[in-house]
Amino acid sequence: MEDDQGEERSRDRISELPDEILFTILSFLTLKEVASICFLSKRLKSLWPNIVTLNFDASDALCELQRNGSLRKKKRSWYIGWVNHILELYKGSTLNEFRVCFDLDWTCRHDIDSWFHFAISKRVRNLELDFEEVAEKTWPPGLRSYSLTKGCYDYIRTPHGLSCIGLLTSLCLRFVKVSGEVLEHFLSHSPLLEKLVVEWSKNLVSLKVAKVASSSPLRLRYLEIRSCLALKNLEISTPNLWSFRYYGQKVALHIENAPLLANVLIGGNLDDQPGFAFCPLSSYLCQLHTLTLEMSAYNMTFPNFPQLANLRHLVVSVYGGYDDNLLVLTSLIDASPSLNKLSLELKIWRSSTYNHANSSCNVTGKPIPSLKVVEVVGFRGFKIDVDFVTYVLEHGKMIEKITINCCHPSWIGQIWECESIKERDKARKHALQLKVKAPPTTEFVVI
């Protein structure tokens with residue numbers, strides 16, 4: 001009896017599951033997680049080389065490298081060796097996802113080229129290359145970034161390469177130097193492509209996101225262009241586009257034929273003029289459901305808004321001095337009669353070192369009739385946040401809940417979550433003093 005019970009306990013029940021279920025389990029795991037569970041089952045160990053997701057996640061190593069840049073050479077060698085070893089073992093014929101994310105640059109180009117060829121040859125659907133140099137402190141970032149080589153470009157123009165990229169649905173390139181010509185090639189020959197992200201690409205000067213005569217209509221639903229400092233011209237004409245996110249300097253932006261556009265992000269650094277994008281977007285503002293602004297208080301200037309009749313959620317991520325003025329946002333709020341949720345993220349400096357572009361602004365004091373939920377992160381109790389939150393509470397008579405988080409956005413989720421307990425407690429006291437401004441039925445939460 002005891003022998004039977006022991007045999008039952010040691011029975012490999014995982015191996016009894018159908019292949020479809022085991023592959024589904026493996027597809028949701030990173031490669032590090034896969035390696036940690038393969039010992040549980042003989043069949044898991046034999047099946048993993050055929051999984052369709054290769055996510056080379058090394059978040060722990062990146063955090064360690066960020067804290068100690070002197071480990072770069074050692075960590076790079078480990079990461080490259082890990083990826084190459086897994087690819088040598090891989091037996092699958094197709095890939096749903098191929099993701100490499102580590103501190104790598106042009107000196108690693110031979111390995112990266114081989115990874116690119118491997119992923120494309122496996123008819124990958126979701127391809128992500130992210131080579132942010134977390135240990136590099138130079139500005140601007142990406143000066144030593146990997147550049148997609150001529151060999152890679154030539155490969156995706158061959159008959160075999162063209163057939164392979166035809167199944168691509170998502171392409172994300174971060175800290176990869178890539179030209180508009182290469183991106184337009186992907187757009188023209190990847191009829192299933194729905195997502196395109198390009199970030200910190202020094203070689204991107206001009207990009208046309210539109211159907212060419214010989215290609216199929218674009219299925220692209222999500223387009224994000226961020227911090228491409230050489231970009232001068234961006235043309236967009238794609239009928240399925242739902243989300244457009246642009247962060248960077250002023251460019252010649254042309255948008256047409258975007259009837260489904262509902263989610264937009266506009267942002268830029270202190271020296272940028274991100275407000276320029278409202279003019280080319282003017283025909284589509286009335287149909288937006290979500291609008292996100294990422295900019296400094298210094299360059300937060302807006303045109304006269306038409307009515308944003310469908311806007312439900314306004315997200316504002318702003319950095320500025322403690323005595324800056326965010327009431328300029330009231331013109332945008334006034335133009336959004338259906339606004340249901342307002343999210344404010346604050347990154348506040350000790351003081352301003354520049355002239356205030358928005359030291360005076362016209363505040364109408366109109367009611368905010370539809371606003372139900374307000375979220376504030378990074379509250380410090382200075383003029384910049386107190387004045388704005390007070391205004392919202394006094395004019396948002398239908399607010400059901402407001403949550404004020406006094407932790408700096410950069411620290412949220414970290415083990416050492418707050419840089420100064422004393423400073424955070426002081427901010428909390430300021431936040432609690434605003435409770436008297438809220439409607440009596442509002443749930444008032446301070447974190």
Looking at [atom1] of [X] and [atom2] of [Y], how far apart are the two atoms once the value is rounded to the nearest 0.5 Å?
{"X": "Ile404", "Y": "Leu432", "atom1": "CD1", "atom2": "CG", "value": "8.0 Å"}
{"X": "Glu375", "Y": "Ser343", "atom1": "CD", "atom2": "OG", "value": "4.5 Å"}
{"X": "Glu199", "Y": "Ser227", "atom1": "CD", "atom2": "OG", "value": "6.0 Å"}
{"X": "Arg219", "Y": "Leu193", "atom1": "CZ", "atom2": "CG", "value": "10.0 Å"}
{"X": "Lys383", "Y": "Asp385", "atom1": "NZ", "atom2": "CG", "value": "10.5 Å"}
{"X": "Leu167", "Y": "Ser190", "atom1": "CG", "atom2": "OG", "value": "9.0 Å"}

Using a 4.5 Å cut-off on heavy atoms from C-beta on, say whether the side chain of [Y] contacts that of [X].
{"X": "Cys108", "Y": "Ile80", "result": "yes"}
{"X": "Lys426", "Y": "Glu423", "result": "no"}
{"X": "Asn325", "Y": "Ile384", "result": "no"}
{"X": "Arg424", "Y": "Asn405", "result": "yes"}
{"X": "Phe118", "Y": "Leu95", "result": "yes"}
{"X": "Ile368", "Y": "Lys366", "result": "no"}
{"X": "Leu281", "Y": "Ile255", "result": "yes"}
{"X": "Tyr247", "Y": "Ile266", "result": "no"}

Considering only NZ, NE, NH1 and NH2 on the basic side and carboxylate oxygens on the acidic side, decide whether [X] and [Y] come within less than 4.0 Å.
{"X": "Asp103", "Y": "Arg76", "result": "yes"}
{"X": "Glu128", "Y": "Lys195", "result": "no"}
{"X": "Asp425", "Y": "Arg428", "result": "yes"}
{"X": "Arg72", "Y": "Glu133", "result": "yes"}
{"X": "Glu97", "Y": "Arg99", "result": "no"}
{"X": "Asp154", "Y": "Lys150", "result": "yes"}
{"X": "Glu394", "Y": "Lys437", "result": "yes"}

Any residue meeting side-chain hydrogen bond (donor to acceptor under 3.5 Å, both in side chains) with [X], in chain and number order, not counting sequence neighbours:
{"X": "Asn84", "answer": "Asp111, Trp115"}
{"X": "Glu184", "answer": "none"}
{"X": "Asn126", "answer": "Thr169"}

Establish, from distance only, whether the side-chain atoms of [X] and [Y] form a donor-acceptor pair under 3.5 Å.
{"X": "Glu345", "Y": "Ser317", "result": "yes"}
{"X": "Asp113", "Y": "Thr149", "result": "yes"}
{"X": "Asn68", "Y": "Ser70", "result": "yes"}
{"X": "Asn240", "Y": "Arg221", "result": "no"}
{"X": "Ser59", "Y": "Asp57", "result": "yes"}

Assess the pair Phe379 and His430: is the distance between their ring centroids shorter than 6.0 Å?
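Judged by ring-centre distance (under 6.0 Å), Phe379 and His430 do not meet the cut-off.
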
Test of ring centre spacing under 6.0 Å for Tyr222 and Trp242:
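For Tyr222 and Trp242, the ring centres are not under 6.0 Å apart.
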
[Y] backbone acceptor or donor facing [X] side chain under 3.5 Å:
{"X": "Tyr284", "Y": "Ala262", "value": "no"}
{"X": "Ser370", "Y": "Pro337", "value": "yes"}
{"X": "Arg125", "Y": "Leu192", "value": "no"}
{"X": "Ser201", "Y": "Val176", "value": "yes"}
{"X": "Lys177", "Y": "Leu143", "value": "yes"}
{"X": "Ser121", "Y": "His117", "value": "yes"}
{"X": "Gln287", "Y": "Leu261", "value": "yes"}
{"X": "His185", "Y": "Glu181", "value": "no"}
{"X": "Thr442", "Y": "Ile399", "value": "yes"}

Mind running side-chain contact (heavy atoms from CB on, under 4.5 Å) on Asn257 and Thr238 for me, showing each step along the way?
CA-CA 6 Å; Asn257 191 24; Thr238 172; over 6 Å; no

Which atom pair, heavy atoms only, marks the closest approach of [X] to [Y]?
{"X": "Pro191", "Y": "Gly166", "value": "CD-O, 3.7 Å"}
{"X": "Ala309", "Y": "Arg312", "value": "O-NH1, 3.9 Å"}
{"X": "Ala297", "Y": "Gly320", "value": "CB-CA, 4.4 Å"}
{"X": "Arg380", "Y": "Ile348", "value": "CB-CD1, 3.9 Å"}
{"X": "Leu311", "Y": "Ser336", "value": "CD2-OG, 3.4 Å"}

Candidate list Leu291, Leu339, Val316, test side-chain contact (heavy atoms from CB on, under 4.5 Å), partner Leu332, passing option:
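Single pass found, and it is Leu291.
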
Pick out which of Ile402, Asn340, Val392 makes a side-chain contact (heavy atoms from CB on, under 4.5 Å) with Leu371.
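One option only clears the test, and that one is Val392.
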
Using side-chain contact (heavy atoms from CB on, under 4.5 Å), reason through Val373 and Leu342 one step at a time and then give a plain yes or no.
CA-CA 6 Å; Val373 179; Leu342 174 63; over 6 Å; no

Tell me, yes or no, whether the heavy-atom count around Lys429 atom NZ, taken from other residues, nucleotides or ligands under 6.0 Å, exceeds 12.
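At most 12 heavy atoms, drawn from other residues, nucleotides or ligands, come within 6.0 Å of this atom.
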
Looking at Lys250, I want to see if its NZ is surrounded by more than 12 non-hydrogen atoms of other residues, nucleotides or ligands under 6.0 Å.
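Count not over threshold, so no.
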
Mind running side-chain contact (heavy atoms from CB on, under 4.5 Å) on Leu187 and Val209 for me, showing each step along the way?
CA-CA 7 Å; Leu187 288 165; Val209 183; 4.2 Å; yes

Check against side-chain contact (heavy atoms from CB on, under 4.5 Å), Thr292 and Val264
CA-CA 6 Å; Thr292 301; Val264 165; over 6 Å; no

Checking Arg109 against Tyr146: charged group under 6.0 Å from the ring centre and within 45 degrees of the axis?
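Pair Arg109/Tyr146 does not count as cation-pi.
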
Distance under 6.0 Å and angle within 45° of the ring axis: does Arg157 meet both against Tyr153?
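Yes.
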
Parallel, tilted or perpendicular: which fits the ring planes of Trp200 and Phe175, with parallel below 30° and perpendicular above 60°?
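The rings of Trp200 and Phe175 lie parallel, inter-plane angle below 30°.
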
Should the pair Tyr246 and Phe244 be assigned to parallel (<30°), tilted (30 to 60°) or perpendicular (>60°) ring geometry?
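Tyr246 and Phe244: parallel rings.
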
